[in-house]
Amino acid sequence: MKQLKLTVLFLLIFGSVFSQTAPPADVATIEQSFKKLNVLGSVLYVAAHPDDENTRLLAYLAQEKHYRTGYLSLTRGDGGQNLIGNEQSELLGLIRTQELLAARRVDGAEQFFTRANDFGFSKGPEETLKIWDREKVLGDVVWVIRKFRPDVIICRFPTTGEGGHGHHTSSAILAQEAFTAAADPKRFPEQLEYVQPWQAKRLLWNTFNFGGANTTAEDQFKINVGVYNPITGKGYGEVAADSRSNHKTQGFGTAKQRGESYEYFKTILGDAPKTDLMDGINTAWSRVKDGGSIAATLGIIKKDFDMDVPEKSVPALVKLLGSVEKVSDTYWRTLKTKELSDLIAACAGLWFEAYTTEPAYSLGDDMNIRSQVISRYGLNISLNGLTVVQARDNKTSNFFVGPIANYELPVASKGKVIPANEIQTYNNNCITGQISQPYWLESPHPIGTYQINDETKVGNPENPDAPTMKFEFLIEGHPLTINRKLMYKYVDPAKGEIYQPVEITPPVTANIESKDYIFNTAQSQTVQVKLQSFTKTTGSISIKPIAGWKITPEKIDFTDKNKGDEWMVSFTVTPTDNQPKTSIFEAVTTVGGKSYAMGIQRIRYDHVPSITLFPPAQAKLINIGLKIAGRKIGYIAGAGDQMPEALTQIGYDVHQLTENEIMNGDLSVYDAIVTGVRAYNVNPRLVVEQPKLMAYVKNGGNLLVQYNNNNGLVTNQIGPYPFRPVNQRVVDENAKVTFLDTQNPVLNYPNKITQADFDGWIQERGLYFVSNIDPKYQTILQMNDVGEAPNNGSLIVTNYGNGRFVYTSLAFFRELPAGVPGAYRLFVNLLSKPKN
């Protein structure tokens, strides 16, 4: 690694203080911090997915009772739906991770995860626990419990199935097993190098009344969580709504509730609470040795606190910090030292942050960092050191700056006096440590769990080793160390000051233009790759050899590329035979003797921070016998999917239809019109457009409607004849498919569909099947999960006038982007109406 470049430069910036990445320091926050500092208790809530958590209870526990409160979501919600975009699977999991973190910033709880992957809806815990690898995920739950050390554990769901989802039930089963296993040193002993066994006092089930199941009872222990907090000016029903409304991908915007609201609990293991959730648990400072004197001192400081001059409390708080730092209980010493340090900084009017001057840096390059500090009250504070803490080999980049005392800071020369209440800025460089790939996406993984390369990272919502700046102050003669996450900061003309995570990238990324390339014959196709340089570089790009394919050229060199350069390169790909096959096309860049096979993908939504990942630079080459009839497709957007891109790749001309085109245009020019997934849930204008679509069918058109949720339909008359979407699905992607109408054109034209076309499907066969099907429809397929009755509601077809109407609940929106050959063949048939 290069030697650290040290270019300490002191600048004065006059004017207003920037928006803050630092914690809030208003008087309400300080009041709440005093209360939290005096409480030594913790609660861990456990469920399966983002949005499963009870945000009202979490907010009450964290902000009213001031317990350390955490939510352990076993998955990141990868298998859910996306109502605001077309991201699926891991990409959706990244967004939902950030939605959970946004929710926690509102309700005050902390967020944790296991390695379990949300592989889609599961009808029972047997399937879930088998796919998840029960023992590994159980070990993760134990790890989180041993690190978090909750006094009480609360499950959202029971082990008996009322939660209605195999993941829900499994979360309760694993929580119950982990309650005991976490206390047993013989279980997962490899963890004991880092943590100690922990026995929670009790495990409770937070009973509920939703989804048609009321599991609450008046003889259960209950808490009124609808109380009003005059310090924050909100009741916890209001806080909960603000928190839950962050789950925007799931459409969970929630109205604020006010007034009393009870939560009910059933004891699963441990002592049952009688009057308080923490019955039998000491949550005061007397819990730790010599804690009584700390509590007494804290009480005096709080009593003397003056909100108009909070800095008067700083000397006493600093002295108290010295006592807290001597507490023998490592767990509570660490937590309370951090809480007290933040409280001292808030009372002292001490604000500080660190940010980079550019959004992205290549691995091994200099990263330009600007650190800013302001001491608003003129206390005796000096800055003794700044340390950039990075991940690679626990190395750090250290540099020292002169002390600030009573606003005296050497800027151009020693002893120059700085006027009060002005930001001090320090510029420096350090070397980037490692690529900022989300740790759970560093390696390929099976369907049920992520591959975690460093087991100590398990539980963290984000990379725990992302670059941070450690600020070392001397305040009232006492050392005070606080970390700040290193961010990139810029100003958007419309949105103002924006913070986003800094990106540490490969030197050059390679993004392949399409995810799938479909070959019908031995004819060649051109594959374009967009290269982007993040540093000044020279190198080459090549494609890994693939059996059965000829790729030219073998290598393309590039020279003297500068940071920010983007350029396209092209490779010609030709099948060497006509055998059906699927192969992986992988691009490899070589820079400075090192090889990289990464693209770059950025996900941007206003309600969460920017998300950047580096997916494999890969695409699928799929050689299948695919016939296409018709070319021009009209597409009506739904909740978000990647179907238009998939159809374009196989040669269709796909046009996104506007309302004006539907209402006033000539729809007969389209060989088929397709509605996106959940279009009849999210597009309220479809109720107005529906007569035009039915007229299109009647006049000879072909309308293909993809699945819709049974709740929230904008019209109950989706087709020309009645049917009803219901919450029925087939979640086994390998479930047997029976052809009910073998002569139907959708199974024969232009492609002959066979059982082989249902091989290789992912996640599920279909969802929200239809029932109450009018006899005028033909039911084409029949399928079911094990132990369930056959279901014929996945695909229905009818002729109407001179045209055809098709409704399908099959999960084409997953299968086509995943490059499933048979799904392409069947979907093309649904688009292709034989000529009369």
Side-chain angles (χ1 to χ4, degrees), residues 23-24 29-47 53-73 100-101 103-113 141-156 175 178-179 182 195-196 198-204 206 223 225 229 231-232 236 239-240 243 263 270 273 276-288 291 294-295 298 321 324-325 327 329-343 346 459-461 464 482-483:
T29 299
I30 291 174
E31 289 280 355
Q32 288 286 87
S33 298
F34 267 114
K35 291 186 175 184
K36 184 175 181 62
L37 190 59
N38 209 28
V39 177
L40 282 70
S42 56
V43 180
L44 181 65
Y45 201 87
V46 181
E53 76 275 21
N54 185 335
T55 52
R56 181 162 44 196
L57 178 60
L58 292 180
Y60 171 84
L61 294 172
Q63 298 186 36
E64 182 69 21
K65 303 302 289 184
H66 305 290
Y67 303 135
R68 186 189 184 198
T69 305
Y71 173 44
L72 172 58
S73 175
L100 271 181
L101 290 172
R104 298 295 81 80
R105 286 191 288 271
V106 173
D107 59 42
E110 301 173 50
Q111 186 60 53
F112 305 98
F113 294 96
V141 180
V142 168
W143 169 258
V144 171
I145 290 173
R146 286 173 172 173
K147 286 190 69 178
F148 189 80
R149 290 174 55 172
D151 296 309
V152 175
I153 302 174
I154 302 175
C155 295
R156 169 79 283 188
F179 179 85
V195 293
Q196 296 302 311
W198 179 257
Q199 180 63 71
K201 181 72 171 179
R202 56 181 59 95
L203 172 68
L204 305 177
N206 178 200
I223 303 172
V225 298
N229 189 325
I231 296 176
T232 63
Y236 293 104
V239 177
S243 173
E263 293 295 337
D276 188 88
L277 187 70
M278 292 290 188
D279 276 350
I281 302 167
N282 185 357
T283 62
W285 271 103
S286 55
R287 175 175 192 153
V288 300
I294 293 175
L298 181 58
L321 178 62
V324 172
E325 289 172 337
V327 169
D329 187 313
T330 304
Y331 174 83
W332 287 113
R333 181 179 70 240
T334 302
L335 285 177
K336 294 305 174 180
T337 294
K338 183 182 184 305
E339 290 176 17
L340 184 51
S341 297
D342 288 337
L343 178 58
N460 287 285
I482 302 179
N483 292 345

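Computed from heavy atoms alone, side chains included, the values below leave out hydrogens, waters and symmetry copies. Residues: numbered from 1 along the sequence shown.
Annotation for Gly41 and Asp151: closest pair CA-OD2, 3.2 Å, computed over non-hydrogen atoms. Here the closest heavy-atom approach between residue Pro24 and residue Thr29 is recorded as O-CG2, 3.4 Å. Shown here for Ile281 and Arg202, the closest heavy-atom pair between the two residues is CD1-NH1, 3.9 Å. Of all heavy-atom pairs spanning Trp332 and Val39, the tightest one is CZ3-O, 4.5 Å. When all heavy atoms are compared, the tightest approach of Lys147 to Tyr331 is O-CE1, 3.6 Å. Smallest separation of non-hydrogen atoms from Asn229 and Tyr236: ND2-OH, 2.8 Å.
You'll find the side chain of Ile153 stays beyond 4.5 Å of the side chain of Phe148, heavy atoms only. Residues Pro273 and Val152 fail the side-chain proximity criterion, which asks for heavy atoms closer than 4.5 Å. Between Leu100 and Pro461 there is no side-chain heavy-atom pair separated by less than 4.5 Å. Looking only at side-chain heavy atoms (C-beta outward), Ser33 and Glu339 stay at 4.5 Å or farther from each other. Using a 4.5 Å heavy-atom cutoff, the side chains of His66 and Gln32 are in contact. Looking only at side-chain heavy atoms (C-beta outward), Leu277 and Leu204 come within less than 4.5 Å of each other. With contacts defined as side-chain heavy-atom distances shorter than 4.5 Å, the pair Leu40/Lys336 qualifies. Side-chain atoms of Tyr45 and Asn206, non-hydrogen and from C-beta on, do get closer than 4.5 Å to each other.
The structure places OH of Tyr67 at 7.5 Å from CG of Leu61, a figure rounded to the nearest 0.5 Å. Taking CD of Glu325 as the start and OG1 of Thr334 as the end, the distance is 10.5 Å to the nearest 0.5 Å. Summarising the geometry, atom OG1 belonging to Thr69 is positioned 11.0 Å from atom OH belonging to Tyr60; distances are rounded to the nearest 0.5 Å. Residue Asn38 holds its CG atom at 9.0 Å from OG1 of Thr283, rounded to the nearest 0.5 Å. With values rounded to the nearest 0.5 angstrom, Ile482 atom CD1 is found 8.0 Å from Lys338 atom NZ. Note that CD of Glu31 is 10.0 Å distant from CG of Leu343, once rounded to the nearest 0.5 Å.
The backbone N or O of Ala59 sits nowhere less than 3.5 Å from a side-chain atom of Glu64 that would complete a donor-acceptor pair. Thr337 contributes a side-chain N or O that, together with a main-chain N or O of Arg333, makes up a donor-acceptor pair within less than 3.5 Å.
Exactly one residue among Arg68, Arg105, Arg104 makes a salt bridge (charged side-chain N to carboxylate O under 4.0 Å, His left out) with Glu110. That residue is Arg68.
With hydrogens and angles left out, the side-chain atoms of Asn54 and Glu263 include a donor and acceptor closer than 3.5 Å.
Classification of Arg149 and Asp329 as a salt-bridged pair holds, one side-chain N sitting under 4.0 Å from a carboxylate O.
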